[in-house]
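These notes concern the structure reproduced below.
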Amino acid sequence: MKSEKRYNAQQLKESLEDDILNGRLPPGGRLDPEELGRAFNVSRTPVREAIQQLVASGLVTVSPKKGTFVAQVSIEQLIEMFEVMAELEGMCGRLASRRILPEELSALREALSRCETAAQGGDPDEYYHENEIFHQCIYSASHNDFLAAEARQLKQRLAPYRRLQLQVRHRILASLAEHRDIVKALEAGDPLQSEQTLRGHVLIQGERFGDFIASVRQFNSNARSTGGRDATSLD
């Protein structure tokens, strides 16, 4: 029963996450826990767990005596968060290049193989999940628990927006190519290359910045079509 509750909470969280990112739940809109429980046929516990995860990712806010609402996030804050994430990932890569164990390198290669399979299937959600495992392997291989915890926490907050990035045309194939370069750098034990490759993999810059802005604008358009306010400010 316990595992079933976790599954229901995860399923509910991902469904709400998708609705928020695609504008079906507009920014500023209220989320009614009781209605969610009825809609997904789950008890209060999975609803509460799902909302807690969405709060952690920054997609939802809870106001005492007012309720639970879809958050409004500025584009400036998102860019700043990605900048910090890129630095954390780069540091994890630099440390992992010196500290990764043979079994951890094997696990990373297996994670890369699963990313390749998901990419071939063309399923952004499946690739997203395998991508998570790939990066978790690198965090663990840094053998710095504090750094790994900080990276995981920020990665969780950015998760919905990273999923949005994977919906950009050709991004999955580009991400996979970057994963291969990351593995090569770690296999070579090259701290500088590992750090730079991972930083560049996460940082939103150049054409990727333009693609990200376009995705956010589409997100805003979807939100407006459902009567909500813009989730981000591009002014």
Side-chain angles (χ1 to χ4, degrees), residues 6 9-10 13-14 16-17 20-21 48-62 71-101 103-112 114-115 127-166 171 175 178-179 181-183 185-187 189-205 208-209 212 216 231-232:
R6 284 200 299 267
Q10 183 65 20
K13 176 256 185 184
E14 291 184 357
L16 291 174
E17 183 178 88
I20 291 171
L21 285 176
R48 183 170 62 250
E49 291 176 355
I51 289 176
Q52 288 173 346
Q53 292 180 51
L54 291 170
V55 169
S57 70
L59 275 185
V60 166
T61 60
V62 177
Q72 293 178 286
V73 183
S74 71
I75 190 66
E76 291 83 3
Q77 183 181 14
L78 283 177
I79 297 303
E80 290 175 353
M81 291 166 69
F82 270 107
E83 286 179 343
V84 174
M85 188 74 247
E87 293 302 319
L88 292 176
E89 291 262 354
M91 190 181 300
C92 285
R94 175 164 52 82
L95 295 179
S97 71
R98 302 199 307 263
R99 301 175 179 179
I100 193 167
L101 302 175
E103 57 269 27
E104 291 173 330
L105 190 55
S106 294
L108 183 64
R109 293 188 184 110
E110 291 175 3
L112 174 60
R114 290 193 296 271
C115 285
Y127 184 84
Y128 169 79
H129 287 297
E130 298 301 342
N131 177 67
E132 290 293 287
I133 297 173
F134 180 87
H135 284 269
Q136 292 292 346
C137 288
I138 297 172
Y139 300 163
S140 298
S142 74
H143 292 274
N144 184 314
D145 292 340
F146 181 81
L147 173 61
E150 292 296 306
R152 291 187 184 104
Q153 182 177 14
L154 183 53
K155 194 177 185 68
Q156 182 181 18
R157 288 191 65 194
L158 285 171
Y161 305 100
R162 290 171 42 251
R163 289 182 71 181
L164 183 63
Q165 280 187 299
L166 291 176
R171 178 55 198 155
S175 172
E178 292 163 7
H179 280 190
D181 290 340
I182 291 167
V183 172
L186 290 171
E187 288 175 332
D190 187 331
L192 181 59
Q193 186 63 27
S194 297
E195 181 175 21
Q196 291 178 343
T197 305
L198 265 159
R199 185 190 297 122
H201 177 61
V202 175
L203 194 61
I204 301 175
Q205 56 188 350
R208 284 180 58 190
F209 180 82
F212 185 76
V216 170
T232 57

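Every heavy atom of this structure was used, including side-chain atoms; hydrogens, water molecules and symmetry mates were not. As the structure is a prediction and not an experimental result, all values here were calculated from the model.
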### Query
Between Gln52 and Lys13, is a side-chain contact (heavy atoms from CB on, under 4.5 Å) present by the stated rule, with each step listed?
CA-CA 9 Å; Gln52 288 173 346; Lys13 176 256 185 184; over 6 Å; no

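- The CD1 atom of Ile138 lies 13.0 Å from the CD1 atom of Ile133; values are rounded to the nearest 0.5 Å.
- Residues Arg109 and Val183 come closest through the heavy atom pair CG-CG1, 4.5 Å.
- Closest approach of Ala151 to Cys92, counting heavy atoms only: CB-SG, 4.3 Å.
- Distance CE/Met85 to CG/Leu154: 5.0 Å, rounded to 0.5 Å.
- The two residues Pro191 and Ser97 have their closest heavy-atom pair at CA-OG, 3.1 Å.
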### Task
Would you please test Glu130 and Phe134 for side-chain contact (heavy atoms from CB on, under 4.5 Å) and show each step?
CA-CA 6 Å; Glu130 298 301 342; Phe134 180 87; over 6 Å; no

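- Side chain of Ser175 to main chain of Arg171: no donor-acceptor pair is present (N/O by atom type, distance under 3.5 Å, no hydrogens or angles).
- The aromatic rings of His135 and His179 stand perpendicular to each other, their planes meeting at an angle above 60°, with 30° marking the opposite boundary.
- Distance check, rounded to the nearest 0.5 Å: CD of Gln196 to CD1 of Ile182 gives 12.5 Å.
- Looking only at distances, a side-chain donor or acceptor of Ser142 sits under 3.5 Å from a matching main-chain atom of Tyr139.
- Electrostatic pairing of Arg99 and Glu104 does not count as a salt bridge here, judged by no charged N lying under 4.0 Å from a carboxylate O.
- Rounded to the nearest 0.5 angstrom, Ile20 CD1 and Glu17 CD are separated by 8.0 Å.
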### Audit row: Leu108, Glu187, side-chain contact (heavy atoms from CB on, under 4.5 Å) steps and yes/no
CA-CA 10 Å; Leu108 183 64; Glu187 288 175 332; over 6 Å; no

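- One distance of note links CD of Gln193 with CG of Asp181; it measures 7.5 Å at 0.5 Å rounding.
- Side-chain contact check for Gln10 and Glu14: at least one donor-acceptor pair (N or O, by modelled atom type) lies under 3.5 Å.
- Expressed to the nearest 0.5 Å, how far CG of Asp190 lies from CD of Glu195 amounts to 10.5 Å.
- Closest approach of Leu186 to Gly93, counting heavy atoms only: CD2-O, 3.6 Å.
- With respect to Arg199 and Glu89, no salt bridge is recorded, no charged nitrogen being found less than 4.0 Å from a carboxylate O.
- Using a 4.5 Å heavy-atom cutoff, the side chains of Phe82 and Arg162 are in contact.
- Between Ile100 and Ala141, the shortest heavy-atom contact is CG1-CB, 3.7 Å.
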